[in-house]
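What follows is a single structure, written as structure tokens, with notes after it.
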Amino acid sequence: MGIVVYNTLSRQYEEFEPIEEGHVKIYVCGITPYDSSHIGHARPGVFWDVVRRYLLYKGYKVTFVTNFTDIEDKIIKRSQETGIPFMEIAEKYSREYIDAMDKLGVKRADAYPRASEVIPEIIEMVEGLIEKGYAYESSGDVYFRTERFQDYGALSGKNLDELMPGARVQVSGLKESSLDFALWKAADKDEPGWESPWGWGRPGWHIECSVMVLKFLGPSIDMHGGGTELIFPHHENEIAQSEAFTGVKPYVKYWIHHEMLNLSGEKMSKSIGNVLSLTHILETHDPMAVRLYLLSAHRRKILEYSEELLQSAEKGWNRIETCVENATKFLLDPDAQGLSDPTMLIEGIGKCEKEFFQAMDYDFNTPGAIAAVFDLVTAINSHIVTTGATTSDEFGRQKVGEAYALLIQCLGILGLTPRILSTLPGTREAQGDDVSQDLLKILVDMRDAARKAKDFETADYIRERLSHLGFVLEDTSSGTKVRIGK
RNA sequence: GGCGACAUAGCCAAGUGGUAAGGCAGGGGUCUGCAAAACCCUUAUCCCCGGUUCGAAUCCGGGUGUCGCCUCCA
């Protein structure tokens, strides 16, 4: 059974099969870097990162491209207000976005093209569309002749007759039809722009994506992503331009849109003003918990934002991390004891194996996959942490190893990295040096001695002080354990 | 007004016609000097009304509500 995806174009679930065998080409509409990103922008970043990781796991070669729209009215406006060159503004916020993605564990794209880098190609496509009769020049603007393109409206489920009355407010007398959209916009000489066959100007909003897809991925790609808000007109127009220009259908085989992130029932959006800075959230919360939160709803469902939801994700993530930590220590300690009967653990492994991949196969159902991970966490914990652990036999240890490997694999596909994996001895972020490790051990030993002597005041004092330094002490039946806290 | 999506426990959220996953919170218990971590038990007939079916949270029709798009927007 292969992967099934929900395609906006057909409004159905479809068996996924790349156009070119073994190679998946993906383009996702990126941000317009005129200001800092908000938490909503992180949703597609993380979702598509999981898609990439899963396709790689499945053995596909994946080429992933996402753009920055660095020429746009709002950036230009900001540039005029601040006197800072528009390229500098765009670069600053693009950088900021990539930094945030890094923190969230998002793999870098194969290319991050900027609209300003593909001006010659844009001009070329616009010229081609004019030659083919799909576009016309008008006072330095160039418009796409929408009614010439037969399939217009197929993606958004609109037809031209319905659109006509809605678009009655004719903004520009330069267009043949109110439905026509700009491919190239004339600009004043003091505005940012480029020399073109139609004079000084800049590209329209939709054309850059068509050009970048063609340049970096080809005339026909497998997956195109973006928010549902972009279905019309942005993606509808992309299809029209691209297919009219290349003559190749389909421009995109699977249209994969994600729903918005809402704040108190409303789309988080700069124009509404209900935005929460992504950078700020990543500074005040564990990025991995944020990632878990972002994956906690299916991509086609609205995700509600609240501090409480983020906190609940943080607690859930904590449980996963603690489990990985406990299992790591269990496997490193030859004397660690587990349950003598590993039946439950074996069942847990089987269940997770089945359900995690089934969920991922069915339209990248990350909430379902996360549920499978939690089930496995419970199975592992029951075996190694529960009271009544009595044996350290080889078979049981082997099963813990299997469960551990599966857990790490699932987390890897979801892009969730527990801290312990980067703090294990030998890795460069290993906690502290040998001396401080020894000092820590001395303190723990002293505290244990105090506990034995029923001097709980001293014992609690040591635990309290160590917790401020980030070390969490836990007394278990097999001795005191030290965890690295947050 | 037109087009589209969604409606599942206190909150969040899976569910591909076969009899309701998972997380957080709450309650009860085990372990324990306390704490922490962990484990076990416990909390729903799926917005409403009809229909199809042996069987529907899942399919169809009609309501109601929420959100998105039709203007820049992940």
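As the structure is a prediction and not an experimental result, all values here were calculated from the model. Just so it is clear: chains get the letters A, B, ... in the order the sequence lines come, proteins before strands, and each one is counted from 1.
If you check B:C59 for Watson-Crick or wobble pairing at under 3.5 angstrom, you find it paired to B:G51. Using the Watson-Crick or G-U wobble rule with both distances under 3.5 Å, B:G17 pairs with nothing in any strand shown. In a base pair of the Watson-Crick type (N1 to N3 plus N6-O4 or O6-N4) or a G-U wobble (N1-O2 and O6-N3), with each distance short of 3.5 Å, B:G65 is matched with B:C6.
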Which atom pairs link the protein and nucleotides 17-23 of chain B when you take only N or O atoms and keep those under 3.5 Å?
residue, atom, partner, partner atom, Å
B:G23, OP1, A:Arg319, NH2, 2.8

Listing time: all N or O pairs from protein to nucleotides 65-69 of chain B that are below 3.5 Å?
residue, atom, partner, partner atom, Å
B:G68, OP1, A:Lys267, N, 3.3
B:C69, OP1, A:Lys267, NZ, 2.5
B:C69, O2', A:Phe232, O, 3.2

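Other residues, nucleotides and ligands place more than 12 heavy atoms under 6.0 Å from the CD atom of A:Glu304.
Across the C1' atoms, B:C49 and B:A9 are found 23 Å apart, a figure rounded to whole Å.
No close placement of the A:Phe86 and A:Tyr34 rings is indicated, their centers lying 6.0 Å or farther apart. For an aromatic pair to be called close, the ring centres must be under 6.0 Å apart, and A:Tyr143 with A:Phe181 fails this.
Counted by atom type alone, A:His257 and A:Thr8 present one or more donor-acceptor pairs between their side chains at under 3.5 Å.
Between the side chain of A:Glu355 and the backbone N or O of A:Ala369, no donor-acceptor pair lies under 3.5 Å.
When each of B:A74, B:C34, B:C72 is scored by its nearest atom to the side-chain atoms of A:Lys74, the top-ranked nucleotide is B:C72. Proximity note for A:Arg463 (side chain, C-beta onward) versus B:A74, B:A35, B:A14: the nearest is B:A35. Residue A:Ala459 places its side chain closer to B:G33 than to any other of B:U16, B:A37, B:G33.
In this structure, A:Met360 atom CE and B:A14 atom P are separated by 14 Å, rounded to whole Å.
No donor-acceptor contact under 3.5 Å links the side chain of A:Asn365 to the base of B:G15.
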